[in-house]
Amino acid sequence: MSAENEYSPGLEGIIAAETSISYLDVEQEQIVIRGYDLIELAENRHFLDVAHLLLYGSLPKAAEKESFQDLLYQQLELPEALTSSFSLFPASMSAMDMLRTGISLLGGSEKHMHDHSAEANQEKAVKLLGAIPAIMSGSYRTQQQEPLISPDSSMSFSANMLHMLTGKTPTALETEVFDQSLVAYIEHEMPNSTFAARVIASTQADMYGAFTGAVASLKGPLHGGANEAVMHLLLEAGTPDGVERLFREKLANKERIMGFGHRVYMKKMDPRAQLMKKSLHRLAEKQDRMDLYDMCVRGEELIAEEKGLHPNLDYYAAPVYYLLGIPIDLYTPIFFASRAAGLGAHVIEQHSNNRLFRPRVNYTGPRGITLT
């Protein structure tokens, strides 16, 4: 096989696209979002600011941010045809499957489905960014036989999302921490779900189709389901000593411990995990749950010592969401609700300068078989 056709399992190290959206600079420990450092954005700006940056290319001025939020609030009120369908979803349906189906149904009301201009795609991306939290909350609450929660225009977009997920009015600290988590998840270069969305979009499929495929990709435990797995693991352990016992047991059995390791962050800790670690400490202190924080730190230290691996974002985001009172089944849908801004930017970029993805294979099957 020639060098130009060299096989790379999982496409590791392969450059599949040129983008001006984001870049993971592992050596500088920086996640670049349209030229800005993601962690600096998370600590100084709000989720809507960064969403605007991704979809429109610039941080919004005050009037632009207000207009952007108004557009998103309009999408929080879902069409009745969509909300009435929630009761038809099977009781066994997962939250991610309900989200995937809801996005497909929402697409049925789109009047400009096949207009792939940047302007039309921006409108669709805003519609999805605003509607996905309502689909996520509404379908789950219907499944749990709980009433839907209407958005409150007196709250910020992030506070509204948290309110619709928990049924409680969040405090200022809870809103701040949740907003930071949304920024942390908002965009991350070319993970599996983003690549799936771009591959689908490269066929000239519509924004809703690309998002539906991305949901299916993110559902997998090796990509988006890790935050839920982390929380179940912490609850099983129960105490810092329990974490050490459980983690050592899993290491002895050669079982994978979710929340550690990353295809890109091999030698250094995911900077987003550092951000959420600080947020967890603040929440745990406020709620007198430092035991949960101590559990996570014990686990982090043990895996670093035994395996040389570091936590990724999911490891510390999971207990943050737990202390915010969010149902565990909704952790991965929240990931997607945030990533919708980045996905929208990628679909817009793909449609604006398209090349169909069509890789080849390294054939390992037989040859020369004849019919006799």
Side-chain angles (χ1 to χ4, degrees), residues 17 19 21-22 47 50-52 54-56 71-72 74-76 78-79 81-83 85-86 89 93-140 157 161 182 185-220 223-225 330-352 354 356-357:
T19 182
I21 297 170
S22 69
F47 173 68
V50 187
H52 189 282
L54 285 165
L55 294 176
Y56 296 102
L71 286 173
L72 291 174
Q74 293 172 26
Q75 310 310 321
L76 285 172
L78 299 174
L82 178 52
T83 56
S85 71
F86 294 157
F89 291 173
M93 203 170 185
S94 74
M96 285 295 280
D97 287 336
M98 290 191 290
L99 179 57
R100 184 193 66 214
T101 304
I103 290 172
S104 291
L105 290 170
L106 182 67
S109 63
E110 178 58 56
K111 297 178 181 178
H112 306 291
M113 181 70 83
H114 303 296
D115 183 350
H116 299 327
S117 66
E119 294 76 13
N121 271 338
Q122 283 170 338
E123 290 181 9
K124 293 171 201 164
V126 169
K127 184 174 182 180
L128 283 159
L129 183 62
I132 284 171
I135 294 172
M136 168 178 58
S137 169
S139 59
Y140 183 79
F157 184 78
M161 191 189 307
L182 296 179
Y185 273 121
I186 198 168
E187 166 59 17
H188 205 229
E189 196 195 87
M190 193 66 78
N192 193 285
S193 55
T194 302
F195 184 53
R198 290 194 74 132
V199 169
I200 293 168
S202 78
T203 70
Q204 291 295 294
D206 60 86
M207 178 84 69
Y208 295 90
F211 269 59
T212 301
V215 174
S217 169
L218 196 65
K219 181 185 175 184
H223 182 20
L330 295 178
Y331 291 6
T332 308
I334 292 170
F335 182 160
F336 191 84
S338 170
R339 187 59 58 83
L343 288 172
H346 277 278
V347 173
I348 292 167
E349 186 177 70
Q350 186 66 42
H351 279 162
S352 297
N354 192 50
L356 177 69
F357 284 96

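Everything numeric here is computed off the predicted structure, so don't read it as measured data. All residue numbers refer to positions in the sequence shown, counting from 1.
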Taken to the nearest 0.5 Å, the spacing of Met98 CE from Ile103 CD1 works out to 12.5 Å
Is the backbone N or O of Ser217 less than 3.5 Å from a side-chain atom of Ser193, with the two atoms forming a donor-acceptor pair by type? no
Does Lys219 reach the side chain of Thr332, with side-chain heavy atoms less than 4.5 Å apart? no
Spacing of CD1 belonging to Ile334 relative to CG belonging to Leu182, to within rounding of 0.5 Å: 7.5 Å
How long is the span from the CD atom in Glu123 to the CE atom in Met207, to the nearest 0.5 Å? 10.5 Å
Can a donor-acceptor pair be found, under 3.5 Å and without considering hydrogens, that links the side chain of His116 to the backbone of Gln204? yes
Can a donor-acceptor pair be found, under 3.5 Å and without considering hydrogens, that links the side chain of Ser109 to the backbone of Leu106? yes
For a quick test of reading the model, state the closest non-hydrogen atom pair linking Ile132 to Ala340 and the distance between them. CD1-CB, 3.9 Å
Would you give the length of the straight line joining atom CG of Leu55 to atom CG of Leu129, rounded to the nearest 0.5 angstrom? 6.5 Å
Would you please test Lys127 and Gln74 for side chain to side chain contact (heavy atoms under 4.5 Å, CB included) and show each step? CA-CA 8 Å; Lys127 184 174 182 180; Gln74 293 172 26; over 6 Å; no
Residue pair Leu343 / Phe336, side-chain heavy-atom distance below 4.5 Å: yes
Report the relative orientation of the aromatic rings in Phe195 and Phe357; use parallel for angles under 30°, tilted for 30 to 60°, perpendicular for over 60°. perpendicular
Going by atom types alone, do Gln350 and Ser202 pair a side-chain donor with an acceptor below 3.5 Å? no
Say whether, by atom type as modelled, one donor and one acceptor occur between the side chain of Thr203 and the main chain of Ile200 under 3.5 angstrom. yes
Spacing of Leu99 atom CG and Tyr140 atom OH [to the nearest 0.5 Å]: 14.0 Å
Shortest non-hydrogen contact from Pro133 to Phe157? CG-CZ, 4.0 Å
With no hydrogens and no angle check, is any side-chain donor or acceptor of Arg339 less than 3.5 Å from a backbone partner on Tyr185? yes
Where the side chain of Lys124 meets the backbone of His112, is there a donor-acceptor pair that is under 3.5 Å apart? yes
Say whether, by atom type as modelled, one donor and one acceptor occur between the side chain of Gln75 and the main chain of Leu128 under 3.5 angstrom. no
Could you report the tightest heavy-atom contact between Ala95 and Pro333, atom names first, then the distance? CB-CG, 3.9 Å
Which pair of non-hydrogen atoms, one from Leu78 and one from Ile135, has the smallest distance, and what is that distance? CD1-N, 3.7 Å
Please determine, by modelled atom types, if Glu187 and His346 share a side-chain donor-acceptor pair under 3.5 angstrom. yes
To the nearest 0.5 Å, tell me how far Asp97 CG sits from Phe89 CZ. 10.0 Å
Backbone of Ile348 reached by a side-chain donor or acceptor of Asn121 within 3.5 Å: no
Between the side chains of Glu189 and Thr194, is a donor N or O closer than 3.5 angstrom to an acceptor N or O? no
Can you list the residues that meet the ring pair (Phe, Tyr, Trp, His ring centres under 6.0 Å) rule with His52, with sequence neighbours excluded? Tyr56, Phe68
Side chain to side chain contact (heavy atoms under 4.5 Å, CB included) between Val215 and Met96: does it pass, once the steps are laid out? CA-CA 7 Å; Val215 174; Met96 285 295 280; 3.8 Å; yes
Parallel, tilted or perpendicular: which describes the rings of Phe335 and His223, with under 30° parallel and over 60° perpendicular? perpendicular
Check whether any side-chain heavy atom of Tyr208 lies under 4.5 Å from a side-chain heavy atom of Ser104, and answer yes or no. no
Can you check whether Phe86 reaches Thr101 side chain to side chain, under 4.5 Å on heavy atoms? no
Between Ser85 and Leu105, the two heavy atoms sitting closest are OG-CD1, 3.4 Å
Closest approach of Ile186 and Ala51, non-hydrogen atoms and distance? CD1-N, 3.7 Å
